[in-house]
Structure formats: structure tokens, C-alpha cells
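Just so it is clear: chains get the letters A, B, ... in the order the sequence lines come, proteins before strands, and each one is counted from 1. Because the structure is predicted, anything quoted here is derived from the model rather than measured.
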There are 2 protein chains.
Amino acid sequence: MKSSDIPAPAVHRLSLYLRELENLRQADRRTVSSRQLGDALKLTATQIRKDLAYFGQFGKPGIGYDIEALMGRIRRILGTDRTWNVLLVGAGNLGMALSAYRGFAKKGFRLCAVFDDDPEKIGRPIPAFPAIFIRPVCDIPIAVREKDIRLAIVAVPAHAAQGVADALVGAGVRGILNFAPVSIHVTATAAVTAVDLAVQLEQLSFQVSALE
Amino acid sequence: MKSSDIPAPAVHRLSLYLRELENLRQADRRTVSSRQLGDALKLTATQIRKDLAYFGQFGKPGIGYDIEALMGRIRRILGTDRTWNVLLVGAGNLGMALSAYRGFAKKGFRLCAVFDDDPEKIGRPIPAFPAIFIRPVCDIPIAVREKDIRLAIVAVPAHAAQGVADALVGAGVRGILNFAPVSIHVTATAAVTAVDLAVQLEQLSFQVSALE
DNA sequence: TAGTGTGAATGGATTCACAGCC
DNA sequence: GGCTGTGAATCCATTCACACTA
């Protein structure tokens, strides 16, 4: 089975499994059952077994899954068994916070360059990595080539997002994580994942309203 | 039909519709068809009509939907036709960026209090709102009562997240937006929505690996 | 006994097809 | 002609039930 055949909801859960497995290994656990994983993540044991069965047979009946082995396998599926060079566009509040976020590096994503078109910001180092200087957006193609960058984080205002996306794809970037509150479109050579923080609060507002 | 009967995927799309409608109204448009909305969001026109039909009949055949009216209706469904008071726990990089994020206020979410247990930070004002001073986590119940706060944003390290969540629910908070990279559990009186930034990059990494 | 892997059944969401309206 | 609203059909994900194994 090709990994692209794994249903999208299952791929999302794989990330959660990996996160939980990392916690378990930290606690020196060696194996885990689908039931235990399910309890920790509020999912059914059956669903976890189905998800894991998409890519082979790992578990040992009566025992469960080998944590180390399973982590390795999930990382390979997700493509995080290697390091990805990442660039960031947008050096505002959100962009700077994202650049300082330790969670990315822990998963093998390495921030290599930061871009912004504000003349006030160009040329300045970013607080989290003083070796990285903010460069103008027109430099993106150079950086992508030089540093072999495949992924980009977009944290610019909504009105600038599509233009930035076009520039990124034109420069050869293959994946965009979009934080701008607007839907962006790219050619089939690239993928986009969107995170709209306000949308998340709206979803919460809906849920809270529903349970009252 | 009760709004809690709307399927979860549809509720998520409602947020996207609302965002797009806001853009359209900005551009002085009065009406929009399901087809136009679908093109903008990469969804089928049928799906949009189905979603909107969950809560009544809005569209005019031959014309489309009245943008203003539809926005009002979606806001009521999502619960954003009023202002929500929000508190933030965690005054690190991510927390401070979230406090400065303009998108929340634009949607009617008002930040009222910020908490952190780092003695270095307690008592200091936050840059985005100099009138808000960072308070210790034990003050949460007081603030919730005083300011009638129902929603909380959690931006603390993973190991602290469940404890903070327990404190929040105990204080009467009804909804939690969790940025900590760990699954948190609460009683049925409260709702949790999770955003794990590293997970989002992993999903992107998967998609990019799949299209190579 | 404790647990996996999986075909079959179920449940939900999306898409199709089309009647009806402006 | 353009567009909505919706039952029917399809598609897909989750759950059930159970054979199987360490």
C-alpha cells in the first residue's frame, strides 16, 4: 500500500500517535497497546489498530506495539525521518513567535531564512536565531536554491498571502503552512496546509454555545 | 434543527464561508452564489448549498445568497454574534504573539487577563495591552468571576497543560483552545479544541513526500 | 489471558440528479 | 439561463465481531 492511500484523517492521527509515543518513551516504556494509546488520546482501540494496519503488521498479540519501532515507522510515513529546511515569510508578531517555537526543531524542521518587505525590518537579525537576518521577499528564490528549502511558513497579512504563495511556488517551494486568514491556491506541484487561529476560536465558541 | 446537529466538518466550513463573506463585503459585493464561494474555497457548490441548508433557506434562485444576511446567520450559529471574554495562560513566545494577534479582536474575542507562573513575568504588563498585567495561575478563579470569562487559550509547555486545564475548568471556564503539544482531558461541562503547530508541519511534510 | 489484524456491517458525509424558482 | 434546495445514490470512515497468536 502506498502511503498516499492512507486516509487523511488517519494521517492526522498518526501525528498524534507519534507525539504520544514520544511521551511514552520519555517515561521509559517499551511497548504500548492500542487500548492504552486510545485511552490517552480519547480514541477507540479498534481505530488505532486499523490506522496502524494501513502500513503493515507491527503489533504482537498479547503484548502490543514496540514503541521505538513504531515511532520509526510513523516518522517514515510522515516524512519526518529526515531534516526539512524551512523558511518563514512575515516577521511580525506571529512570525517571530513561530521562529522561536522549539517544537519545530524537535521534529526535525530547521528554520533557514526569514523574509519580510518592511524596510524597518530588513537586515535585522531575528531574536531567536541571531545568525538569521531578515531579507526582502525578492530574495526568496536565491535562498531556496542555496539552502535547498522545500517548506515555507507564511505569516503575513491576508492581502499579501496569495502573492507570497505564488512567489514561493515559483521559487520551487513544495509545501506551504499558511497562517494568513485567507484561502490560498497553488499549482499541483505544491501542497498547502492552513491554520487560521481565529477560526479555531470560532469553532470553540460554537462548541461552548452548543453545550449551554 | 438544532445547531448542535450540524456535522462537525460543516461547522468548520462555516467559519471559512464567513471569512470569505467578510472579504466579499469589503469589496462591496451584495450577493454571492454557491458556485462563486466554492471557487474561492476549492469546495463544490453542492456542498456549500447543503451546508447552508442545514439552517434554513437563504438563497434566491437565479441570484444567490445575500452576503450581509448570511454573515449574520453564520455568526449566530457559531456564537460569534456576541463578544467573548478570553483569558490566556502562558506568557512565553507563543502566548505573547497570540495576545498581539489582531485577528481575535476582529472576530469579537476580547483578551481580558494573562497568567503565568514564572516569577520573572508576574506583575509585568504585556506589550500588546499595557493595561493587562501578568498574574499568577492561582488568580484564575478570581479573574474568571470578575470578568465573566468563558474561554481560555493555553500556551504553556506540555507538562503543565493538563494541570492548567484542570484549574481552568475548576474555575468555570467552558472552552479551551490548547496549543500545548499534548492531549488534554476535561469534564463534559467544557470543550477543548487543539492546535499543535508541529503536527501541522508534519502533515505538510507528509503531503509533500506523497507528491514526490 | 491480553492483545492484534481484518472482513463485514454500520453510520455519516459528499456528490449526483433534478424539480422548482427568479 | 442561472441558481437554490433536496431526496437518492455513492463514497468513505468508523465500529463491530471474531479468528488468530504470543
### Summary
Axis-to-axis angle across the helix from C:dT1-D:dA22 to C:dC22-D:dG1, five pairs each end, nearest 10 degrees, ~ 10°

### Positions of residues 58-77 of chain B (non-hydrogen atom under 4.0 Å from DNA chain D), listed by number
B:Phe58, B:Gly59, B:Lys60, B:Pro61, B:Gly62, B:Ile63, B:Gly64, B:Tyr65

### Query
Taking DNA chain D as the partner, which of residues 20-39 of chain B come within under 4.0 angstrom of it by heavy atom?
B:Ser33, B:Ser34

Salt bridge (charged side-chain N to carboxylate O under 4.0 Å, His left out) partners of [X], counting only residues at least two apart:
X        : answer
A:Arg75  : A:Glu22
B:Asp139 : B:Arg135
B:Arg25  : B:Glu68
B:Asp117 : none

Distance-only criterion, 3.5 Å: show the donor-acceptor pairs between side-chain atoms of residues 180-192 of chain A and protein atoms not counting sequence neighbours.
from     : atom 1 : to       : atom 2 : distance (Å)
A:His185 : ND1    : B:Lys42  : NZ     : 3.3
A:His185 : NE2    : B:Ala40  : O      : 2.9
A:Thr187 : OG1    : A:Thr189 : OG1    : 2.9

### Query
With sequence neighbours left out, what residues match B:Arg35 under side-chain hydrogen bond (donor to acceptor under 3.5 Å, both in side chains)?
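Per chain and number, B:Arg35 pairs via side-chain hydrogen bond (donor to acceptor under 3.5 Å, both in side chains) with no residue.
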
### Task
Let me have a per-nucleotide readout for nucleotides 11-19 of chain C, 5' to 3', with B, S or -, counting only protein heavy atoms under 4.0 Å.
--SSBB---

### Query
Within less than 4.0 Å of OP1 or OP2 of C:dT6, is there a side-chain N or O belonging to A:Gln57?
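It does, given that an N or O in the side chain of A:Gln57 lies less than 4.0 Å from OP1 or OP2 of C:dT6.
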
### Task
Keeping to residues at least two apart or across chains, list the salt bridge (charged side-chain N to carboxylate O under 4.0 Å, His left out) pairs with something in residues 167-186 of chain B.
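Listed by first then second residue: A:Glu212-B:Arg174.
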
### Residue pairs fulfilling salt bridge (charged side-chain N to carboxylate O under 4.0 Å, His left out) with at least one residue in residues 6-15 of chain A, sequence neighbours excluded
A:Arg13-A:Asp51

